[in-house]
Amino acid sequence: MSKKPAAIRGTNDFVKDEAARFDHVVDTFRRVARQFNFRPVHIPVFEQTSVFARSLGETTDVVSKEMYTFEDRSGDSVTLRPEFTAGIARAYISNGWQQHGLMKLSAWGPCFRYERPQKGRFRQFHQLDAEMLGAGEPMHDVELLAFGQQLLEDLGVAGNVSLQLNTLGDPDSRAAWQAALLAYFRRHEDALSADSRERLERNPLRILDSKDEGDRRVVAEAPIIDEFLTDDAKGWFDRVQGGLSVARIDFERNMRLVRGLDYYRHTAFEFVTDALGAQGTVLAGGRYDGLVEAMGGAPTPAIGWAAGIERLAMLVDGVNEDPIDVALVPMNEAAEHVGLSLLNALRSGGGVSGETFARGNMKKRMQRADASGAALALVIGESELQKKAVQVKDMSEGDQTSVAFGDLGFIGGYLAERRLRVMEGEGESMPAFSAWFAANKVRSK
RNA sequence: GCGAUCGUAGCUCAGUCGGUUAGAGCGCUGGUUUGUGGUACCAGAGGUCGCGGGUUCGAACCCCGUCGAUCGCCCCA
């Protein structure tokens, strides 16, 4: 027992409903991405360490203590990606993607951060990512937010989530605000928590979203960005807000929402929930006009967001594993051989899913067939082989009818119609197989 | 990195003041005249009580350490 291999701390193994929820989040993301014309981009899971170290900022926690960094066999320092944006920016520069003009990209996959695991926080976690590069209009911000909003709605979690919005202004606004903020916090340094006094040196903006009571009292009186916005920056933010209300995307202005890094400009946002404890941010992003330039490319306006797949999967409910369509229940080996070829014909003919239940006594076989959730059971024994027909049992109705091997297509037809009705929410109206078969068999003559 | 709580079968848990071969439910495997489930019954497999050390005649239970999980801080998706 003690010899059992253990998973690495902060990693997860998902099966069954957890895996189904995870996939549902990804499937939904990919579908909505197509609707918004965000095209797939595939980038490496690891990069030269400098890609992340320079883009995220040497002083951030992510870079200074949370990266999975190691030397490869040639002695180069490489790092498992802690997020997507830096890698996509690097690819944009490496490949000269500015030739494509506006690029709307979507990606998803694992990211790695050496953190203390907690609810909704893991060392290997998975993100959905959306980026717009070469996007220099306020309406691009609105479009990107609309994508995020639509995703949350299609996942059915929008009701538990609210959009917090802020602006960091352009570089001039931001620099003036930051200087005023720093001066203000220094005046009130003795009222700040130990953590925040630390932040004063490294990342003063972060004091704004501190959870400490005392800090919040100081923050309440702190200078706000609006007093420092240039006309351009204010105009930008007004157009974003105007676009959001036209798009009917509700948001809440949150003056304390910030981004620590210099290349962030203008729009910053987070979709948050209180259903996940301390890890309430479910989808977050902002405009990072300065990043591509800071990494050695041409000045490129850009905006993007990332969402935590595990966090979204924890909010999603009512997603279960898909049951199979048919359960094959053969009575003996000869029947199993024939049954398998019938099942394979159904699979290749009409996308029917199925499984064989050939172990244990008859009762056990039916029990397992039932547990599989199959709509129909195909029972084949000696007498069926002789008659060249299968017994088809409707598992929810309990009725059973004989179907000649040559009429197998009706099973595919029944299942297809059933799927359609279920999709339209009218699964209840589907007749039992025996009645449906009798009616359609007659009609086909 | 800091703090709190918790680790007993695959899962959820019980296990009295430290006292013989550590239990239940579910699940799993097989069976109940060798052909019928969603609601029967019988049997079986499966645990060095997270790991290591200590106290004791004796430890699942007490002590120390360690690993892991959970929740919070920090940080963030």
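Convention: sequence-line order gives letters A, B, ...; per-chain numbering from 1.
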Chemist: Whether the side chain of A/Q118 and the base of B/U70 hold a donor-acceptor pair under 3.5 Å is what I'd like checked.
Modeler: no

Chemist: With a 4.0 Å cutoff (strictly under), does any side-chain N or O of A/K393 reach OP1 or OP2 of B/U36?
Modeler: no

Chemist: OP1 or OP2 of B/G31 less than 4.0 angstrom from a side-chain nitrogen or oxygen of A/R359, does that happen here?
Modeler: no

Chemist: Going through the checks in order, is the salt bridge (Lys or Arg N to Asp or Glu O under 4.0 Å) test met by A/E189 and A/R197?
Modeler: CA-CA 7 Å; A/E189 191 166 347; A/R197 261 172 274 158; 5.5 Å; no

Chemist: Counting side-chain heavy atoms from CB outward, which of B/G30, B/A69, B/G37 is closest to A/P117?
Modeler: B/A69

Chemist: Would you measure the distance from the C1' atom in B/C17 across to the matching atom in B/C76 and give it in whole Å?
Modeler: 49 Å

Chemist: Which nucleotide sits closest to the side chain of A/K363: B/G37, B/C76, B/G72?
Modeler: B/G37

Chemist: Touch check for A/G10, heavy atoms < 4.0 angstrom, all strands: base, sugar-phosphate only, or nothing?
Modeler: sugar-phosphate

Chemist: Nearest nucleotide by nearest heavy atom, which residue falls closer to the 5' end of RNA chain B, A/F125 or A/D394?
Modeler: A/D394

Chemist: Please confirm whether the shortest side-chain N or O distance from A/R311 to OP1 or OP2 of B/A77 is below 4.0 Å.
Modeler: no

Chemist: Kindly indicate whether the side chain of A/W305, heavy atoms from C-beta on, has any atom under 4.5 Å from the side chain of A/F269.
Modeler: yes

Chemist: Look at all strands and tell whether A/R368 reaches a base, only sugar-phosphate, or nothing, counting heavy atoms closer than 4.0 Å.
Modeler: sugar-phosphate

Chemist: For A/F84, is the NZ or CZ atom of A/R81 found under 6.0 angstrom from the centre of its six-membered ring and inside 45 degrees of the ring axis?
Modeler: yes

Chemist: Is a donor-acceptor pair below 3.5 Å formed from side chain A/K364 to base B/G31, judging by atom type as modelled?
Modeler: yes

Chemist: Have a look at A/G398 and say if it touches a base, only the backbone sugar-phosphate, or nothing, with a 4.0 Å heavy-atom cut-off.
Modeler: base

Chemist: Using atom P of each nucleotide, how far apart are B/G31 and B/G37 to the nearest Å?
Modeler: 16 Å

Chemist: Counting any heavy atom closer than 4.0 Å, what does A/R121 reach on the DNA or RNA strands: base, sugar-phosphate only, or nothing?
Modeler: base

Chemist: Nearest to the side chain of A/K211, which nucleotide is it out of B/U29, B/G35, B/C73?
Modeler: B/C73

Chemist: Could you pick out which residue, A/R116 or A/F122, lies toward the 5' side of RNA chain B when each is mapped onto its nearest nucleotide?
Modeler: A/R116

Chemist: Heavy atoms only, 4.0 Å cut-off, all strands: where does A/K119 land among base, sugar-phosphate and nothing?
Modeler: sugar-phosphate

Chemist: Is A/E382 touching bases, backbone alone, or none of the nucleic acid, heavy atoms closer than 4.0 Å?
Modeler: base

Chemist: Check this for me, if you would: do A/D325 and A/R419 make a salt bridge, where the nitrogen-to-carboxylate-oxygen distance has to be below 4.0 angstrom?
Modeler: yes

Chemist: Take A/K104 and A/E143 through the salt bridge (Lys or Arg N to Asp or Glu O under 4.0 Å) test and state the conclusion after the steps.
Modeler: CA-CA 10 Å; A/K104 295 160 64 179; A/E143 184 182 2; 2.4 Å; yes

Chemist: May I ask you to say whether A/R259 pairs ionically with A/E270, meaning some side-chain N is under 4.0 Å from a carboxylate O?
Modeler: yes

Chemist: Decide yes or no, distance alone: a donor-acceptor N/O pair under 3.5 angstrom between the base of B/G38 and the side-chain of A/S396.
Modeler: no

Chemist: Check every strand shown and say whether A/V282 touches a base, only sugar-phosphate, or nothing at a heavy-atom separation below 4.0 Å.
Modeler: sugar-phosphate

Chemist: Determine the contact category for A/K65: base if any of its heavy atoms lies under 4.0 Å from a base atom, sugar-phosphate if only primed atoms, P, OP1 or OP2 are that close, otherwise nothing.
Modeler: nothing

Chemist: From C-beta outward on A/Q391, which listed nucleotide comes closest to its side chain: B/G37, B/G72, B/U36?
Modeler: B/U36

Chemist: Base, sugar-phosphate, or nothing: which does A/A284 touch, judged by heavy atoms less than 4.0 Å apart?
Modeler: sugar-phosphate

Chemist: By the 4.0 Å heavy-atom rule, please label A/N361 as base, sugar-phosphate, or nothing.
Modeler: base

Chemist: Using a heavy-atom cut-off of under 4.0 Å over every strand shown, decide if A/E115 touches base, sugar-phosphate, or nothing.
Modeler: base

Chemist: Respond yes when some side-chain nitrogen or oxygen of A/R199 is under 4.0 Å from OP1 or OP2 of B/C75, and no when none is.
Modeler: yes

Chemist: Taking the same atom, C1', in B/G46 and in B/G38, what whole-Å distance lies between them?
Modeler: 28 Å

Chemist: Need one value for A/E83: base, sugar-phosphate or nothing, where a base atom within 4.0 Å counts as base even if backbone is also close, heavy atoms only.
Modeler: nothing

Chemist: For nucleotides B/G23 and B/A9, find the distance between their P atoms and express it as a whole number of Å.
Modeler: 14 Å

Chemist: For atom P, what is the distance between B/G18 and B/C61, given to the nearest Å?
Modeler: 11 Å

Chemist: Expressed as a whole number of Å, how far does the P atom of B/G7 sit from that of B/C64?
Modeler: 16 Å

Chemist: Cation over ring, A/R113 on A/Y68, under 6.0 Å and within 45°?
Modeler: no

Chemist: Under 4.0 Å between any heavy atoms, over every strand shown, what does A/E384 touch: base, sugar-phosphate, or nothing? Just pick one.
Modeler: base

Chemist: Could you give the distance separating B/U8 and B/C49 at their C1' atoms, to the nearest angstrom?
Modeler: 4 Å

Chemist: Pick the C1' atom in B/C42 and in B/U5, then give their distance to the nearest Å.
Modeler: 43 Å

